[in-house]
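Okay, structure first, notes after.
Residue numbers count from 1 along this sequence.
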Amino acid sequence: MTGFCLVVSAVSLAQIAPSASPQSTKDGWATASPESLELSAKPLQDLGAAVRGGDFKKIGSVLIARHGKLVYESYFDGDANTLRDTRSATKSITDVLIGIAIDEKKLSGVDAHILALLPEHASKLKNPDPRKDKMTVEDFLTMSSPLECDDWNDASRGNEERMYVVEDWAQFILDLPIRGRMHLGEKIDPPPYGRYFSYCTGGVFTLSEVLQKATGMRTDHYAQEKLFNPLEISQVQWVYSPLDIPQTGGGLRLTSRDLLKIAQLSLDKGTWQGRRIVNEAWMRTSTAPHARIDDDTEYGYLWWLKAFKSGGNKYPAFFMSGNGGNKVLAFPGLDMVVVITSTNFNTHGMHEQTEKLLSDYILAAVAR
């Protein structure tokens with residue numbers, strides 16, 4: 001009887017233990033072993049053991065692709081079909097859509113003026129100011145508009161939590177007053193790249209209305225036709241405002257494999273399996289620095305820029321990042337993309353945990 005129980009237990013464990021070997025499907029991903037693409041298997045095996053052993057909390061999935069092939073795929077919550085709520089990580093998809101609209105000449109460029117594109121909002125604007133008239137698409141792509149909007153400051157009038165309780169989100173953002181800054185002494189040093197960074201989800205949401213006005217299509221429909229269909233992405237779940245506007249500021253749910261496709265598309269400068277989807281120059285510009293966040297982190301067009309350390313080395317990356325510790329990363333120097341999904345929403349150390357997983361296991365697997 002004891003032997004029978006042991007056999008049953010072993011079978012049960014084998015059934016529930018997630019496999020790190022990528023499964024070949026018809027979603028467009030080619031697969032390979034980590035060793036065949038110069039990744040050490042041991043740190044990746046240790047990664048799975050550490051997550052399952054409770055060293056890392058609420059990790060949903062970890063996927064790695066190198067040289068365009070999926071080499072590691074492990075699910076700790078849900079499976080390959082689970083739609084992942086990566087919160088603000090999906091802001092970067094809005095950048096890709098803006099690039100496609102510009103390439104199609106639906107949108108004139110990043111210097112297009114927001115209020116000129118949205119006259120129905122401009123006609124009833126509160127707190128009018130000439131600086132609002134000059135606000136551009138680029139200002140919202142770089143989180144550097146003049147509006148008093150800061151999601152990292154609970155006291156900010158433009159904090160996203162205040163936006164969610166009103167009906168017209170874009171009007172809420174555009175009605176905000178111009179922000180100001182105290183300074184020490186009379187001299188004010190100009191900010192790096194000429195822009196003051198202030199994290200503003202509402203500004204990115206407003207780009208949804210900009211895209212709809214420019215393309216003549218609601219943003220979710222435009223995204224499906226121009227981006228998701230070419231990437232063979234069919235499982236998508238959007239969040240909508242009370243006025244039924246797709247939320248381009250985050251919350252878009254995709255599978256882990258499909259999130260990895262967005263990273264691979266961006267790493268390959270706008271192509272997926274040889275097919276051009278977005279302009280190469282756009283992707284280069286999007287993943288170049290346009291604003292500085294802190295001494296270690298810069299910001300592109302809705303992409304974060306930072307070098308991650310492992311084993312005494314630094315690996316520059318551009319990446320998508322969202323509440324809960326979610327990260328979708330591209331490492332140009334390694335020709336590698338990574339997805340880490342996590343549900344540690346609004347918890348202290350959520351991003352630090354993800355970065356430890358990245359540095360101690362994933363980057364540690366890179367053969368030197």
Side-chain angles (χ1 to χ4, degrees), residues 50-63 75-78 82-94 140 143 147-166 169 172-173 176 179 197-208 236-242 245-256 259 262-263 291 293-294 296-297 299 302-306 308 317 319-329 338-360 362:
V51 174
R52 288 190 290 273
D55 295 344
F56 295 87
K57 309 299 183 184
K58 296 185 178 181
I59 299 298
S61 63
V62 178
L63 282 73
Y75 298 99
F76 306 99
D77 179 29
T82 301
L83 294 175
R84 305 289 171 174
D85 179 9
T86 57
R87 303 293 171 95
S88 288
T90 49
K91 281 182 169 70
S92 307
I93 293 174
T94 304
F140 285 157
M143 300 282 189
L147 301 175
E148 199 289 282
C149 180
D150 186 353
D151 296 344
W152 295 351
N153 181 355
D154 290 341
S156 172
R157 289 173 64 172
N159 186 287
E160 66 175 311
E161 298 303 325
R162 291 181 170 84
M163 178 180 75
Y164 295 139
V165 296
V166 301
W169 293 357
F172 169 86
I173 291 298
L176 291 170
R179 61 180 169 173
F197 180 87
S198 183
Y199 195 84
C200 178
T201 294
V204 187
F205 166 78
T206 304
L207 292 177
S208 185
V236 179
Q237 188 176 57
W238 289 82
V239 173
Y240 296 87
S241 79
I245 306 297
Q247 165 63 306
T248 50
L252 173 62
R253 289 158 169 80
L254 299 169
T255 68
S256 300
L259 287 165
I262 302 296
I293 300 174
D294 55 41
D296 299 317
T297 315
Y299 204 70
L302 303 179
W303 290 90
W304 303 75
L305 313 172
K306 180 178 178 178
F308 294 90
F319 58 100
M320 307 155 65
S321 182
N323 190 348
N326 291 284
K327 281 189 168 41
V328 180
L329 310 102
V338 176
V339 164
I340 302 173
T341 64
S342 172
T343 55
N344 289 288
F345 300 123
N346 301 314
T347 59
H348 179 71
M350 56 185 173
H351 290 295
E352 288 81 358
Q353 175 182 253
T354 299
E355 292 184 15
K356 181 175 176 58
L357 193 66
L358 179 69
S359 298
D360 291 1
I362 297 171

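- When every heavy atom of N344 is checked against every heavy atom of S342, the shortest pair comes out as ND2-OG, 2.7 Å.
- In this structure a side-chain-to-backbone donor-acceptor pair under 3.5 Å is present from Q353 to K57.
- Side-chain N or O atoms of S198 include one that pairs as donor or acceptor with a backbone N or O of C149 at under 3.5 Å.
- Atoms OG1 and CG, from T86 and L252 in turn, are 7.5 Å apart once rounded to the nearest 0.5 Å.
- Looking only at distances, a side-chain donor or acceptor of T94 sits under 3.5 Å from a matching main-chain atom of T248.
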Apply side-chain contact (heavy atoms from CB on, under 4.5 Å) to the pair F56 and K356, showing each step before the final yes or no.
CA-CA 9 Å; F56 295 87; K356 181 175 176 58; 4.2 Å; yes
Start with the C-alpha gap between Q237 and D85, add the side-chain angles, then the distance that decides, and say whether side-chain contact (heavy atoms from CB on, under 4.5 Å) holds.
CA-CA 9 Å; Q237 188 176 57; D85 179 9; over 6 Å; no
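- Evaluation of the ring-ring contact (aromatic ring centres under 6.0 Å, His included) rule for F197 yields W152, Y299 as partners, not counting sequence neighbours.
- Nearest heavy atom pair, residue D150 against residue N159, reads O-ND2, 3.7 Å.
- Here the shortest heavy-atom pairing between S256 and S61 reads OG-OG, 2.7 Å.
- Between R253 and V239 the shortest heavy-atom distance is NH1-CG2, 3.7 Å.
- What you find for L302 and K91 is that their closest heavy atoms are CD1-O, 3.3 Å.
- Distance NE2/H351 to CD1/I340: 11.5 Å, rounded to 0.5 Å.
- Residues S156 and E148 bring a donor and an acceptor atom of their side chains to less than 3.5 Å of each other.
- Inter-residue side-chain proximity for I59 and D77 is flagged as unmet; no heavy-atom pair is nearer than 4.5 Å.
- The aromatic ring centres of F205 and F172 sit 6.0 Å or more apart.
- Taking CH2 of W303 as the reference point, atom CG of L329 lies at 9.5 Å (rounded to 0.5 Å).
- Note that the CG atom of D151 and the CZ atom of R162 stand 10.5 Å from one another [nearest 0.5 Å].
- Checked by atom type and distance alone, the side chain of W169 pairs as donor or acceptor with a backbone atom of M163 at under 3.5 Å.
- Checking side-chain atoms of T341 against main-chain N and O of N326 turns up no donor-acceptor pair under 3.5 Å.
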May I have the step-by-step check of side-chain contact (heavy atoms from CB on, under 4.5 Å) for I293 and Y199, ending in yes or no?
CA-CA 9 Å; I293 300 174; Y199 195 84; over 6 Å; no
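- Annotation for S92 and M320: closest pair OG-CG, 3.2 Å, computed over non-hydrogen atoms.
- Take R179 and apply the salt bridge (Lys or Arg N to Asp or Glu O under 4.0 Å) test, not counting sequence neighbours, and it matches no residue.
- Atom-to-atom distance recorded for F308:CZ and L358:CG is 6.0 Å, nearest 0.5 angstrom.
- Of the inter-residue distances, the one linking T297 atom OG1 with K306 atom NZ reads 4.5 Å to the nearest 0.5 angstrom.
- For the ring-ring contact (aromatic ring centres under 6.0 Å, His included) test, no residue two or more places apart in sequence or in another chain qualifies with F345.
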Derivation and outcome, side-chain contact (heavy atoms from CB on, under 4.5 Å), residues M350 and N323
CA-CA 8 Å; M350 56 185 173; N323 190 348; 3.2 Å; yes
